[in-house]
Every structure is written in C-alpha cells, then in structure tokens.
Amino acid sequence: MNVFQLVQDRFRQAIVKIDGVEQNAPAPLARSSRPEFGEYQFNGAMALAKMLKSNPRQIATQIVELVNLDDVAESLDIAGPGFINVKLKPEWLSEQVAASLTSESLGVEKEQAKTVVVDLSSPNLAKEMHVGHLRSTIIGDAVANVIEFLGHKVIRQNHMGDWGTQFGMLIAHLQDKLQASEVATTALSDLEDFYRQAKIRFDEEEGFADRARQYVVKLQGGDPECETLWKKFIDVSIQHSEEVYEKLNVNLKRSDIMGESAYNPMLPGVVADLKEQGIVVEDQGAQVVFLEELANKDGEPAVYIVEKSGGGYLYSTTDLAAMKYRSFDLNADRIIIFTDARQAFHFKQAELVGRKGGLIKDETSYEHGPFGMMLGQDGKPFKTRTGGTIKLVDLLDESVERAGKLLAERDSDLSAEEQQEVARKVGIGAIKYADLSKNRTTDYIFNWDTMLSFEGDTAPYLQYAYTRIKSIFRKSGVDAESLNADLKITEAQEKALAVKLLQFNEAILTVSVNSTPHVLCSYLYELSSSFMSFYEACPMLKEGVAEDVKLSRLAISLLTAKTLKKGLDLLGIETMERM
RNA sequence: GUCCCGGUAACUCAGCUGGAUAGAGUGUCUCCCUCCUAAGGAGAAAGCCGCAGGUUCGAAUCCUGCUCGGGACGCCA
C-alpha cells in the first residue's frame with residue numbers, strides 16, 4: 001500500500017473539480033512535520049488560491065468538502081494559511097497492517113516491470129579490490145536489490161577492468177613465474193605484490209618493458225599464448241573479487257561480469273558508425289567528437305576522444321559500446337552506472353555522444369549514480385598509516401575482528417561459534433550501513449567507533465532491534481507463523497508505528513527512483529525507534545494485558561520484524577535471531 | 001579560466017517536487033531496569049542553515065553575485 005500516492009490521488013481528484021483548475025494541476029502532498037498536524041498534509045490550497053485569485057482558506061474548505069477520504073482519514077483540518085492536515089483512521093491503518101502482514105512483499109506494490117541495467121563494482125583486475133571499490137559495489141547492489149523487489153528485471157553488469165596496457169607487463173611477469181614452475185594461483189595470491197613486482201621490472205629491468213609492450217600488441221592481436229596467460233591472470237583475479245563479494249554479502253555472480261575486454265570487438269564498429277554519421281571527426285590525429293552543447297563561454301566545444309592518434313581505443317569508446325549493448329541488446333529501459341563522482345563529466349559527454357549517434361534508444365534512460373570518496377578521520381582520502389591503499393578484504397576482516405571484541409565484552413549465552421557468526425554479520429553490516437546511510441553524492445568520513453557502536457543510527461542497533469522482537473516472540477510462546485490476530489490500534493505510539501510500517505513502500509520507491517539507499521537506511525532507523533517507543537508504551541507480555549490486545553500488538557511487532565529484515569536484506573545486511 | 005559537487009548544532013549527517021516552531025545520531029546533563037538482552041526508553045541544553053541580494057503569501061530548498069573546500073576539463077579509467 002502506497003499511502004502517499006493514495007492520499008495524493010484523492011486530493012488530485014478533488015481539486016480538478018474546482019472551477020478553473022487544470023487536469024494536471026500539481027497536488028503537493030507532504031508528510032507532516034509534527035504529529036499534531038496528522039500524518040500527511042496537503043499544501044495545494046495556497047497555490048490554487050493564488051491562481052484563482054481567491055482566499056486560500058476558502059479554497060482549502062472547498063477542497064475538504066470535495067475530497068473523498070472518508071474511508072482513510074478520521075479528520076481533515078485546515079490550519080495556518082491553508083494547510084490541510086490529514087489524520088489517518090486507526091481502523092483503516094489496522095486493515096492495511098493486516099494486509100501487509102499476509103502480503104509476500106510486505107505491502108509493497110509491484111510496479112510495471114521494466115528492464116534495468118545496473119553497472120556496479122567494476123574493479124580493476126590488475127590489482128586487488130581496495131576501499132575505493134566498496135561504494136560502487138554496495139550502493140549498486142542495494143539499489144539493484146530494491147529495484148528488483150519492485151518487480152523489475154534487473155541485469156547486473158560488473159564492468160571489470162580486464163583490459164589495457166598494464167596487462168602486458170602483468171602477463172609477461174606471470175609467464176616468467178610460471179616458467180619458474182610456480183602455479184598461477186600462488187603466484188597471484190597477492191595481486192598488489194605481484195603488480196608491484198611487475199612494475200619494478202617494467203621500470204628497471206633491461207628489455208622487460210619492451211617485452212611487456214610487445215605482449216600488449218600480441219594480446220590485442222589475439223595471440224593464443226598471450227591470451228592463455230591473460231585468461232589465467234584474470235581468472236585468478238576474479239576469484240579474489242568473488243571472495244570479497246562473498247564476504248561482503250553482495251549479490252554478484254560470474255555471469256554478471258561483462259568486462260571491458262568483452263566490448264573489444266564492438267569498438268571499431270562504434271567509431272566507424274559515428275564517423276559515417278559525421279559526428280566523429282579527426283583532430284590532431286585523433287578521432288574525436290566536438291560537443292557544442294558543453295562549450296565554454298568562448299565557444300570552444302568540449303572534446304570527447306573515441307580513438308587515439310596512434311589508433312587505440314579508450315574507456316570512452318568502451319563506454320559507448322557498453323551503452324549500445326545495454327540499450328539494444330539487453331533492451332534496457334534504464335541504465336544506472338555507479339562510479340565515483342569524478343567521472344560525472346565523462347558520462348555526461350558519453351550520453352550526449354550516444355544520443356546523437358543513436359547508440360542508445362530514445363526511451364532508454366542513462367543515469368550516472370556518482371558517489372563521493374571515503375575519507376579518513378583527518379578528512380583526507382582514506383589510506384593506511386604509510387599512505388598506501390587499503391585492501392578491501394583487510395578492511396572487512398578488521399571490522400569483523402573489532403565487532404568480535406566488542407561482542408566479547410558483553411554477557412552472552414551464545415556459543416563461541418554463534419558469537420563468531422554474529423561478529424561477522426555485525427562487522428560487515430556496520431561497514432555497509434555506515435556507507436549506505438550517507439548521501440551517496442558526498443564524501444564521508446570513515447570512523448570505526450561510530451559505525452560499530454550499538455547505540456544510535458548504526459547497523460548493530462538495527463540488527464539488535466530485530467533480535468529484540470524475535471526474543472519477544474520466543475518469550476510469548478506465540479508462533480509467528482500461525483499468528484492470526486484482530487488488529488486494533490489504540491495508543492499514539494501504536495498508531496505512529498503502524499503509519500511508519502505502511503511507509504515502507506514510499507521509502508522503497510524513493511530509493512528506486514533516485515538510486516539513494518540512504519533513504520531506506522533512515523527509514524529503517526526511524527522504524528526501529530518507532531518500535532522501541534511502541535514497546536515502552538504498549539505492553540504485550542505484562543500481567544493483565546488482555547489476550548486480544550497482546551495478539552494485536554504481537555502482530556504489529558511481527559510486521560516490524562519482517563520489514564526490518566526485508567529492508568536490511570535489500571541493503572545487503574544480514575540479521576540474526578539472537579545476538 | 002570554464003563547468004560540476006558540497007558548506008546545516010561541538011562532531012557525523014538527514015531535510016523528497018519551496019510550506020507551519022530546521023531534524024536525527026554521537027557527545028554533554030536529568031530521569032526510568034517486576035513485558036524483550038539498559039546493546040533500551042523519556043526529557044533538556046545546543047543552529048546568523050557559508051555571506052549578500054533577489055523571486056513570493058512563504059526560501060535551508062529556486063535565481064544572481066561572492067566566498068571557502070573538493071573535483072573535472074584531448075589521447076589514463
């Protein structure tokens with residue numbers, strides 16, 4: 001049930017009945033800022049009054065008379081300059097909560113299915129995944145999950161960096177290692193180290209650089225030996241990534257990989273195509289597109305290079321090929337690409353070129369979901385003490401270890417194995433939540449203490465809120481599966497919780513439309529605090545609580561637990577029964 | 001130089017298409033353990049929303065200028 005939409009639709013139907021109001025007049029509805037203003041407020045009376053040259057409060061009165069919310073609202077009050085405050089009916093809320101409880105999707109309405117391509121993670125296979133890949137991976141995963149949950153067909157595309165000149169030196173180095181009878185997996189057990197070694201040889205060893213460059217050419221020419229080496233290399237590197245995905249609890253499979261190399265065969269065609277259309281021209285030996293749309297004040301257009309003067313292709317060419325493949329071959333209605341904010345200009349250009357050159361269908365939307373950097377406590381890019389990049393695996397392992405220590409400080413009746421499992425879920429969840437709960441577009445400051453805290457807006461708090469409800473059920477002896485209660489909402493906190501529960505749909509929708517998981521995070525946090533307040537005010541298992549009241553409240557608690565679990569699940573954060 | 005993103009409480013951050021007294025969390029202070037695991041709850045103090053103009057019934061939100069920080073801007077991705 002999308003309450004917001006329902007109420008808005010009712011208001012929309014009402015205002016068009018007023019003389020002089022157009023069919024598509026805006027119907028500005030908002031969630032109320034304060035409880036005394038009800039749950040929703042309609043703010044359209046002021047604008048309409050102005051348009052109709054009338055008195056806002058008079059228009060508001062007219063709207064209240066016209067709007068049909070009898071089944072949903074218990075009162076509609078006009079306040080201030082002409083706000084219409086909507087107070088929802090407890091009986092109606094009860095019905096909706098009950099319906100959500102029996103609904104597979106917890107009351108979230110499916111949308112008309114579209115095909116959505118989500119480009120996420122996309123690590124460079126020459127090196128190991130580092131903290132810079134965290135955001136693309138988990139934000140992309142969360143958004144993909146949410147869109148999928150709404151009933152769309154999501155195609156994940158892991159645009160891995162498996163191509164480029166650096167692979168020349170890497171496979172040359174690998175060849176020597178293998179000849180020294182090393183096995184690929186051991187030689188490549190530490191990719192960072194391997195890369196460093198290869199780079200040193202490239203810079204210092206006589207003849208190695210030439211050999212590396214030769215290998216690049218051979219590789220591009222399809223030389224079988226080089227290709228075998230290259231495949232070996234990326235295979236091991238992909239395995240590294242898969243370990244990270246596994247640890248991260250991210251839904252990415254081998255079949256989601258569509259690396260840069262996969263687009264190689266399409267690149268000449270893309271350029272030739274654009275050239276034929278006269279979009280691409282030669283300039284300083286390179287094949288470029290001039291974009292007048294992005295010209296500066298002196299009229300100098302922006303330049304987008306699709307082929308180097310030497311004749312090689314670039315990431316810009318690959319991105320165009322990917323765009324075409326996704327729009328035409330994968331039939332995407334929507335393409336969302338999660339990369340860091342520095343590439344915003346590049347994708348803006350890419351879209352312009354693609355649209356001009358017909359590399360994307362008009363009806364396919366092309367969205368770049370930029371995100372900021374992870375910063376250290378000092379506000380500078382997050383690095384090791386010595387200034388090196390932090391491996392993602394190390395970061396995750398450290399988090400689990402820290403979580404384990406914090407958990408060990410508390411009393412627990414869990415076994416050692418269970419505790420370890422909890423530590424894993426808490427540690428990983430904390431890192432993910434700390435990231436996902438922040439606005440995607442800005443940089444954020446990484447802090448172990450605040451993200452692993454069991455207090456405040458953190459994953460551990462949400463996970464704990466979930467286990468609390470599970471614990472209540474264990475204590476109650478009521479079986480959640482067979483719970484069939486008559487819902488009755490009486491207390492203010494009960495009503496607030498019910499409303500919050502029904503707003504799950506709104507939160508999910510916002511995440512889907514704007515690709516902003518933090519909206520779901522704050523929703524879940526608000527839901528948890530709503531539940532805590534409800535729990536304080538509305539006893540269930542206390543002596544003297546009537547059976548029907550107890551069951552009704554347990555039912556609301558059950559939906560809370562289910563919603564929390566589902567929400568966290570969509571964010572890629574695991575829950576547990578006890579902690 | 002041009003363009004993009006940001007500047008909100010001591011700290012970390014929300015604030016959706018302009019709406020009522022700008023909200024959370026942390027930290028500080030006060031109170032509450034005979035329903036779950038106090039890993040909790042209730043409350044208080046805390047803000048020239050970077051600055052200055054403008055638009056209007058109404059601006060943190062829109063427009064302009066400035067300022068500070070980050071980033072991008074032809075053969076890296």
Nearest-Å distance once atom [atom1] is located in both [N] and [M]:
N     : M     : atom1 : value
B:G69 : B:C63 : P     : 24 Å
B:U26 : B:A46 : C1'   : 13 Å
B:A59 : B:G19 : P     : 11 Å
B:A9  : B:C48 : C1'   : 13 Å
B:A39 : B:A24 : P     : 24 Å
B:G65 : B:G58 : C1'   : 24 Å
B:U61 : B:G50 : C1'   : 15 Å
B:C11 : B:G47 : C1'   : 14 Å

Quiz item: Between A:Thr575 and A:Lys565, does any side-chain donor sit less than 3.5 Å from a side-chain acceptor?
Solution: yes
Quiz item: So which one's nearest nucleotide on RNA chain B is more toward 5', A:Ala537 or A:Asn85?
Solution: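 It is A:Asn85 whose nearest nucleotide is closer to the 5' end.
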Practice problem: Report the residue (A:Thr458 or A:Ala30) whose heavy-atom-nearest nucleotide on RNA chain B is the more 5′ of the two. | Solution: A:Ala30
Quiz item: Is A:Lys275 paired with A:Glu307 through a side-chain N to carboxylate O contact shorter than 4.0 Å?
Solution: no
Practice problem: Identify whether the distance between the nearest side-chain nitrogen and carboxylate oxygen of A:Asp9 and A:Arg12 falls below 4.0 Å. | Solution: yes
Quiz item: With side chains defined as the heavy atoms from C-beta onward, is the minimum distance between A:Ile335 and A:Gln157 less than 4.5 Å?
Solution: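 With C-beta onward as the side chain, the pair stays apart.
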Quiz item: So, do A:Tyr263 and A:Trp163 sit near enough that their side-chain heavy atoms are less than 4.5 Å apart?
Solution: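 With C-beta onward as the side chain, the pair stays apart.
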Practice problem: On the 0 to 90° scale, with breaks at 30° and 60°, tag the A:Trp448-A:Phe446 ring pair as parallel, tilted or perpendicular. | Solution: perpendicular
Quiz item: Can you tell me if the side-chain N/O atoms of A:His346 get under 4.0 Å from OP1 or OP2 in B:C73?
Solution: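 For B:C73, neither OP1 nor OP2 has a side-chain N or O of A:His346 closer than 4.0 Å.
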Practice problem: Indicate whether OP1 or OP2 belonging to B:U37 is found under 4.0 Å from a side-chain N or O atom of A:Lys470. | Solution: no
Sidechain-backbone polar pair: [X] side chain, [Y] backbone, donor-acceptor under 3.5 Å:
X        : Y        : answer
A:Glu192 : A:Glu128 : yes
A:Asp162 : A:Ser261 : yes
A:Arg440 : A:Pro517 : no
A:Gln41  : A:Phe83  : no

Contact list (N/O, under 3.5 angstrom) for nucleotides 40-43 of chain B vs protein:
unit_1 : atom_1 : unit_2   : atom_2 : d
B:G40  : OP1    : A:Phe454 : O      : 3.1
B:G40  : O2'    : A:Arg468 : NH1    : 2.8
B:G40  : O2'    : A:Arg468 : NH2    : 3.4
B:G41  : OP1    : A:Tyr461 : OH     : 3.0
B:G41  : O4'    : A:Glu536 : OE2    : 3.4
B:A42  : OP1    : A:Ser533 : OG     : 2.9

Choose from [options] the nucleotide whose nearest atom is closest to any side-chain atom of [X].
X        : options             : answer
A:Asp443 : B:G70, B:G19, B:C13 : B:G70
A:Tyr315 : B:U21, B:A77, B:G74 : B:A77
A:Gln343 : B:G71, B:C75, B:A77 : B:A77
A:Met579 : B:C16, B:A39, B:G19 : B:A39
A:Asn439 : B:A14, B:U17, B:G74 : B:A14
A:Arg34  : B:A77, B:G23, B:G74 : B:G23

What are the residues of [range], sorted by number, that bring a heavy atom to within less than 4.0 Å of RNA chain B?
range                       : answer
residues 159-168 of chain A : none
residues 555-565 of chain A : none
residues 36-64 of chain A   : A:Phe37, A:Gln41, A:Asn43, A:Met46, A:Lys50

Return the nucleotide paired to [N]: Watson-Crick means purine N1 to pyrimidine N3 with N6-O4 or O6-N4, wobble means G-U with N1-O2 and O6-N3, both under 3.5 Å.
N     : answer
B:G53 : B:C63
B:A20 : none
B:U28 : B:A44
B:G6  : B:C68
B:G1  : B:C73

Quiz item: Applying salt bridge (Lys or Arg N to Asp or Glu O under 4.0 Å), which residue pairs with at least one partner in residues 533-550 of chain A are found, sequence neighbours left out?
Solution: A:Glu547-A:Lys550
Quiz item: At under 4.0 Å between heavy atoms, what does A:Leu314 touch on the DNA or RNA strands: base, sugar-phosphate, or nothing?
Solution: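 The answer is sugar-phosphate, as A:Leu314 gets under 4.0 Å only of primed atoms, P, OP1 or OP2.
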Quiz item: Would B:G41 be called syn or anti, given that syn covers angles within 90° of 0?
Solution: anti
Exercise. Would you confirm whether the ring centroid of A:Tyr461 sits within less than 6.0 angstrom of the ring centroid of A:Tyr464?
Key: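 Ring centres of A:Tyr461 and A:Tyr464 not closer than 6.0 Å.
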Self-check item: Under 4.0 Å protein heavy-atom contacts per nucleotide of nucleotides 3-9 of chain B, with B for base, S for backbone only and - for none
Solution: S--S---
Exercise. Please test A:Met169 against A:Lys199 for side chain to side chain contact (heavy atoms under 4.5 Å, CB included), starting from the C-alpha separation and ending with a verdict.
Key: CA-CA 7 Å; A:Met169 87 185 175; A:Lys199 184 84 174 78; 4.1 Å; yes
